[in-house]
Amino acid sequence: MDTNRLTRISKNEWRIEPHGKMNVPGIIYATAELIEAMDDKVFDQVRNVAQLPGIVQASYAMPDAHWGYGFCIGGVAAFDPDKGGVVSAGGVGFDIACGVRTLHTNLTAEDIASVRKELAEALFRHIPAGVGSTGKVKLSMHSIDDVLTGGAKWAVEHGYGLTDDLRFIEENGCMPDADQSKVSDHAKKRQLEQVGTLGSGNHYLEVQVVDKIYDPKTAKAFGIHEGDVKISIHCGSRGLGHQIGTDYLKSMATAANSMGIDLPERELACARLDSPIGLDYLGAMAAGVNCAMANRQVITHLVRQAVEKVLPKANIRLLYDVSHNTCKREKHTIQDGKKSLYVHRKGATRAFGPGDPSLPREYKDLGQPVLIGGTMGTASHILVGTEKSRELSFGSACHGAGRTMSRRSATKRWQGKSVVNQLAGEGVLIRSKSLRGVAEEAPGAYKDVDAVVESAQNAGLANRVARLVPVICVKG
DNA sequence: ATGTTC
């Protein structure tokens with residue numbers, strides 16, 4: 001993207017001045033280098049979102065932004081229901097509540113050094129991964145409704161994990177306003193055997209070692225120390241979320257037309273927040289969020305079982321679980337005062353600062369852990385939300401490294417097998433059913449995650465706490 | 001992301 005098209009506000013903040021049909025400006029948080037590497041389509045998509053009815057303050061892009069369906073991935077936009085605001089399925093993303101959960105272990109890098117291969121095999125065997133993968137949880141069309149209303153709470157009640165896990169999940173693991181009756185039977189059918197599976201694409205299960213502490217005080221309070229082994233799970237709502245997205249995209253395209261909403265492009269299909277389709281989507285989406293949280297909870301249980309087989313004394317607890325594809329009703333202070341807004345975060349992580357009532361007591365004075373997944377060969381980061389992010393981005397930060405290359409280009413550039421070998425040489429064991437998937441996910445196809453999080457920090461969105469490097473990565 | 005183009 002040409003930075004000449006933007007007004008530079010500071011080293012890490014750039015503005016698209018309102019023009020044409022834009023209701024609000026666009027704001028991109030990134031360094032000049034990151035923006036130059038961004039596709040021009042990010043500019044178009046931030047601008048297009050700014051044209052939607054009822055959008056407030058600005059249409060935002062995070063430092064990891066890249067082209068997506070309708071909204072860019074790394075996009076944040078809030079809508080006011082009192083001003084004709086809308087909800088958009090493309091503004092949430094197909095993988096509803098895709099997110100990251102990071103687990104503490106009581107292990108250090110030394111503890112796992114001699115059993116790394118066994119551990120990799122145990123995790124690979126025990127946690128189903130890959131396109132269309134099915135798991136051990138078998139649901140009926142009746143019982144799946146309990147997953148969709150109960151979320152991770154359903155999983156714990158059915159023996160997958162501990163009650164105390166729930167406190168460390170956004171929404172305590174259960175979105176209360178989920179409406180399973182607004183989810184199609186087709187979407188439910190696709191999920192009957194997929195709870196407790198990782199999926200494909202950029203989803204992964206990683207064993208990581210903490211290699212750098214940026215903020216010792218917060219790290220200690222989060223339970224993070226150099227040399228600690230952590231385990232991170234990156235996945236979402238599988239076939240169910242995807243089908244909800246597909247279903248509502250269609251009905252929203254029709255509805256927007258009949259409601260007279262002037263769509264900048266078809267992919268931005270949306271519905272007014274006070275319309276039947278808008279409300280139905282919010283209920284279905286919340287059910288999708290519950291499905292994703294249940295999924296990560298069941299996987300956590302499987303991780304505990306797999307790790308305990310190799311290391312019987314292992315003790316695994318949650319650090320945090322946060323989604324990065326959602327639309328949530330939140331109170332924010334804007335120009336008009338304190339308002340109840342619907343905040344879309346697509347490839348953007350909630351990053352609430354200290355004092356937020358939704359945080360578990362251990363983190364209340366510090367802020368929310370912001371879990372940033374990297375790539376197989378590089379690093380992941382844990383940041384902490386700031387008070388300032390509320391003003392800057394409705395309390396949001398980046399979600400990962402962000403692609404710089406299409407999946408197709410990546411498969412032309414790299415061979416899956418050589419990526420696996422190269423990473424093995426660097427101390428990362430990759431286990432995957434799909435070498436093609438590994439090639440698509442080659443670290444070189446992504447931006448530099450260290451630069452992305454540094455930019456997020458310098459923009460004021462969240463502060464770095466610790467960096468984790470992968471030692472085992474199970475890919476879909 | 002996705003029963004990887006209903």
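Just so we're clear, the structure is a prediction, and the values are computed from it rather than from any experiment. Protein chains get the first letters and strands the later ones, always in sequence-line order, with residue 1 at the start of each.
- Using a 4.0 Å heavy-atom cutoff across all strands shown, A/Gly236 reaches no nucleic acid atom at all.
- At the heavy-atom level, A/His186 lies under 4.0 Å from base atoms of the strands shown.
- At whole-Å resolution of the value, NE2 in A/His203 and P in B/dT4 are 16 Å apart.
- Applying the side chain to side chain contact (heavy atoms under 4.5 Å, CB included) test to A/Ala401 and every residue at least two apart in sequence or in another chain returns A/Thr375, A/Tyr446, A/Val449.
- Between A/Tyr29 and A/Tyr60, the ring-plane angle classifies as parallel under the 30° and 60° cut-offs.
- Note on A/Asp145 versus A/Lys188: salt bridge recorded, some NZ/NE/NH1/NH2 to OD/OE distance being below 4.0 Å.
- Ring pair A/Phe94/A/Tyr69 is perpendicular by interplanar angle, where above 60° counts as perpendicular and below 30° as parallel.
- Rounded to an integer number of Å, the gap from CD of A/Gln194 to C1' of B/dT4 is 13 Å.
- Taking atom CD of A/Glu441 as the reference point, atom P of B/dT2 lies 11 Å away to the nearest angstrom.
- Nucleotide B/dT2 holds its P atom 10 Å from the NE2 atom of A/His234, rounded to whole Å.
- Nucleotide B/dT2 holds its P atom 12 Å from the CD atom of A/Glu440, rounded to whole Å.
- Nucleic acid contact class of A/Gln191 (heavy atoms, under 4.0 Å, all strands): none.
- Residue A/Phe94 contributes atom CZ, which lies 12 Å from atom P of B/dT2 at whole-angstrom precision.
- At B/dT4, none of the side-chain N or O atoms of A/Ser200 fall inside 4.0 Å of OP1 or OP2 (strictly under the cut-off).
- Within the 4.0 angstrom heavy-atom criterion, only backbone atoms of the sugar-phosphate kind lie near A/Arg407; the bases stay farther away.
- Relative orientation of the A/Phe71 and A/His344 rings is parallel, given thresholds of 30° and 60° on the angle between their planes.
- In this structure, the CD1 atom of A/Ile244 is 13 Å from the C1' atom of B/dT2, given to the nearest Å.
- Between A/His242 and A/Val131, the residue anchored closer to the 5' end of DNA chain B is A/His242, taking for each the nucleotide with the nearest heavy atom.
- Nucleotide B/dC6 holds its P atom 15 Å from the CG atom of A/Leu249, rounded to whole Å.
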